2 protein chains.
Amino acid sequence: MTTEEKIIKAAEEVFIEHGYDGARMQEIADRAEINKAMLHYYFRSKEMLFEKIFEEKVKVVFPTISEQMKSYEGFTDKVCFFIEQYYDILIKYPFMPFFIISTINRKDDKHFIKKLPFGFMKEIFFESFFSDLQSGKIREVNPFQFAVSVMGMSIFPFLSRPAMKELIGINDEQFQLLMQQRIDELKNYVKLILTPTNHA
Amino acid sequence: MTTEEKIIKAAEEVFIEHGYDGARMQEIADRAEINKAMLHYYFRSKEMLFEKIFEEKVKVVFPTISEQMKSYEGFTDKVCFFIEQYYDILIKYPFMPFFIISTINRKDDKHFIKKLPFGFMKEIFFESFFSDLQSGKIREVNPFQFAVSVMGMSIFPFLSRPAMKELIGINDEQFQLLMQQRIDELKNYVKLILTPTNHA
DNA sequence: AAATGATTTAACCATTTGGTTAATTTTTAA
DNA sequence: TTAAAAATTAACCAAATGGTTAAATCATTT
C-alpha cells in the first residue's frame with residue numbers, strides 16, 4: 001500500500017465520520033500512520049484532499065446502473081431494478097448518503113453540487129416514463145415528484161440511521177438486515193403507485 | 001429584544017447554516033451585535049448554547065400534531081393529515097431537517113438522539129395501523145418500513161434542497177411552490193399504497 | 001446619592017489547527 | 001558508487017478559536 005493510498009483510505013474514514021469541518025488533518029495522518037506533512041506533500045491542502053475524496057465517493061454512489069437499466073423494458077421494472085442495485089451500494093456504504101448530503105448543504109460552496117452526475121436519471125428515467133405513460137402502462141403521476149420520492153424512501157433510512165439504531169435498539173448487522181428486507185417492500189410500493197387502477 | 005433573545009436568534013441562524021463544527025462563536029456574537037463574552041455569560045459554552053438551540057428546534061420539528069391526529073378515524077387519513085401538517089412546518093423551516101440529521105449523525109455523541117420525541121408516532125400511528133389492518137381497511141404492509149418511507153418521501157427534498165435548486169434551476173420561492181404541490185402527490189401515493197386491491 | 005448587583009466590554013490566554021520549512025533518509029539513475 | 005531526485009520527518013509558525021478575566025457601565029434599591 002503506497003503512502004498516497006494510505007492517506008486516501010484514512011481521509012475517507014475521517015471525512016465521512018466527521019464531515020469537512022469536523023475532520024482534522026492530524027487525525028487523518030494518525031490513521032494513515034504517516035507524518036502530517038505528507039498530507040500536504042501529496043494533496044497540498046485540506047480542501048484539495050477533500051475534493052479528491054468527494055469526487056471518488058460520488059462515483060461510487062452514483063454508479064453507472066444506467067447502462068444495465070436500459071435492458072429493462074417497462075418504467076416500473078426500471079425503477080425496481082434501480083432500487084435493487086442502489087440498495088446493494090447503500091448497504092455496502094451506509095455512511096455515504098450523509099456524506100453527500102452534508103457536503104452539498106455546506107454554506108457558500110455549491111460547487112460540489114455541480115459534480116453530481118444527475119444526467120443518467122434524466123435520460124433513461126424520464127424517457128421511459130413518458131413512453132409508458134402514453135401507452136397506459138403506468139398511472140399518471142408527477143415524474144419529478146415520483147423520482148424524488150423513490151430517492152427519499154431509499155436514502156432516508158441511511159440518513160436517520162443513528163436515530164433508528166438507537167430508537168429501536170439495533171446494531172449494524174440488524175440494520176443491514178432491515179435494509180435488505182426493505183428492498184422488496186419498496187419495490188412493492190413502487191408497483192402499487194404506478195400500476196393503473198382497473199376501470200373495467 | 002433582550003440580549004439573551006438576540007443570542008438565541010443569532011445562534012439559531014449560525015448553527016443551522018454551518019452545523020456545530022462549522023459554527024463560530026464570534027459569528028454568533030457579530031450577528032447578535034454583542035460582545036463575544038456575553039455568549040459565555042449567558043450560556044457558559046458553545047456546547048451548552050448548541051444544546052439549547054437544538055432542544056428548542058426539535059420542539060418545532062416534532063410538534064404535537066399527535067393530539068389533532070386523534071380526531072381522524074382511519075389510518076390512511078391520519079397519515080395524510082400528518083403529511084399536510086408536517087409540510088406546513090417543513091415549508092416554513094426548510095433548513096430544519098438538515099440541522100436535525102446532521103446533529104444526530106455527529107460522531108461520538110448520540111445523546112442528542114435521545115432528545116427526539118418519537119413517542120407520539122408509536123402511540124397513534126401503530127395502534128391505528130393494526131386496527132385498520134384487522135378490519136381490512138388497509139393493505140398489509142410493514143408498518144415500520146411504511147413509516148420510514150413516509151418520513152423519507154416527506155423530508156428528503158428538504159435535505160437535497162441545494163442540489164434540487166441547482167439542478168433544476170429554481171429559487172427559494174419556486175422550491176416552496178414545488179413543495180406545496182408535493183403534498184397532494186404524497187397523499188396520493190399513500191392512498192395508492194394503503195388502499196387494498198379489490199378482489200371482487 | 002451611595003451601595004449593591006447585574007450586565008457589558010476590551011484585552012488577554014491557552015490550545016488547536018492548517019500549513020510550512022529545512023534538514024534527513026530513501027530511492028533512482030548515471 | 002555517487003549524485004540527483006523523491007519521500008519523509010521533526011520542529012516550527014501564524015492564524016483562528018473557545019474561553020477567561022478584570023475593569024467598567026448600567027440598573028436597582030435603600
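Everything numeric in this text was worked out from a predicted model, so none of it was measured. Below, chain A is the first sequence line, B the second, and so on; all start at residue 1.
In this structure Glu4(B) satisfies the salt bridge (Lys or Arg N to Asp or Glu O under 4.0 Å) test with no other residue, sequence neighbours excluded. With sequence neighbours excluded, the residues satisfying side chain to side chain contact (heavy atoms under 4.5 Å, CB included) with Asp184(A) are Lys187(A). For Lys52(B), the side chain to side chain contact (heavy atoms under 4.5 Å, CB included) criterion is met by Ile8(B), Phe43(B), Glu56(B), not counting sequence neighbours.
Within the structure, the ring pair (Phe, Tyr, Trp, His ring centres under 6.0 Å) test picks out the following pairs touching residues 150-174 of chain A (sequence neighbours left out): Tyr87(A)-Phe158(A), Phe158(A)-Phe175(A).
Counting non-hydrogen atoms under 4.0 angstrom, Tyr42(B) reaches the backbone sugars and phosphates but no base.
Side-chain contact of Asp172(B) with Gln176(B): a donor-acceptor pair under 3.5 Å is absent, judged by distance alone.
We find that CD of Glu27(B) is positioned 15 Å from C1' of dG18(D), with the value rounded to whole Å. Distance, Met38(B) CE to dA23(D) C1': 13 Å, rounded to whole Å. Rounded to a whole Å, the CG atom of Leu39(A) is 11 Å from the P atom of dT9(D).
The aromatic rings of Phe54(A) and Phe112(A) sit perpendicular, their planes meeting at an angle over 60°, well past the 30° parallel limit. The aromatic rings of Phe75(B) and Phe125(B) sit perpendicular, their planes meeting at an angle over 60°, well past the 30° parallel limit.
Between Tyr41(A) and the phosphate of dT9(D), there is no side-chain N or O to OP1/OP2 separation shorter than 4.0 Å.
Cation-pi geometry between Arg106(B) and Phe50(B) is satisfied (NZ or CZ under 6.0 Å from the ring centre, within 45° of the ring normal).
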task: Scan nucleotides 13-28 of chain C nucleotide by nucleotide, 5' to 3', and note B when protein non-hydrogen atoms come under 4.0 Å of the base, S if they reach only the sugar-phosphate, - if neither.
output: ----SBBBB-------
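In the region residues 2-11 of chain B, proximity to DNA chain C at under 4.0 angstrom, judged on heavy atoms, holds for Thr3(B).
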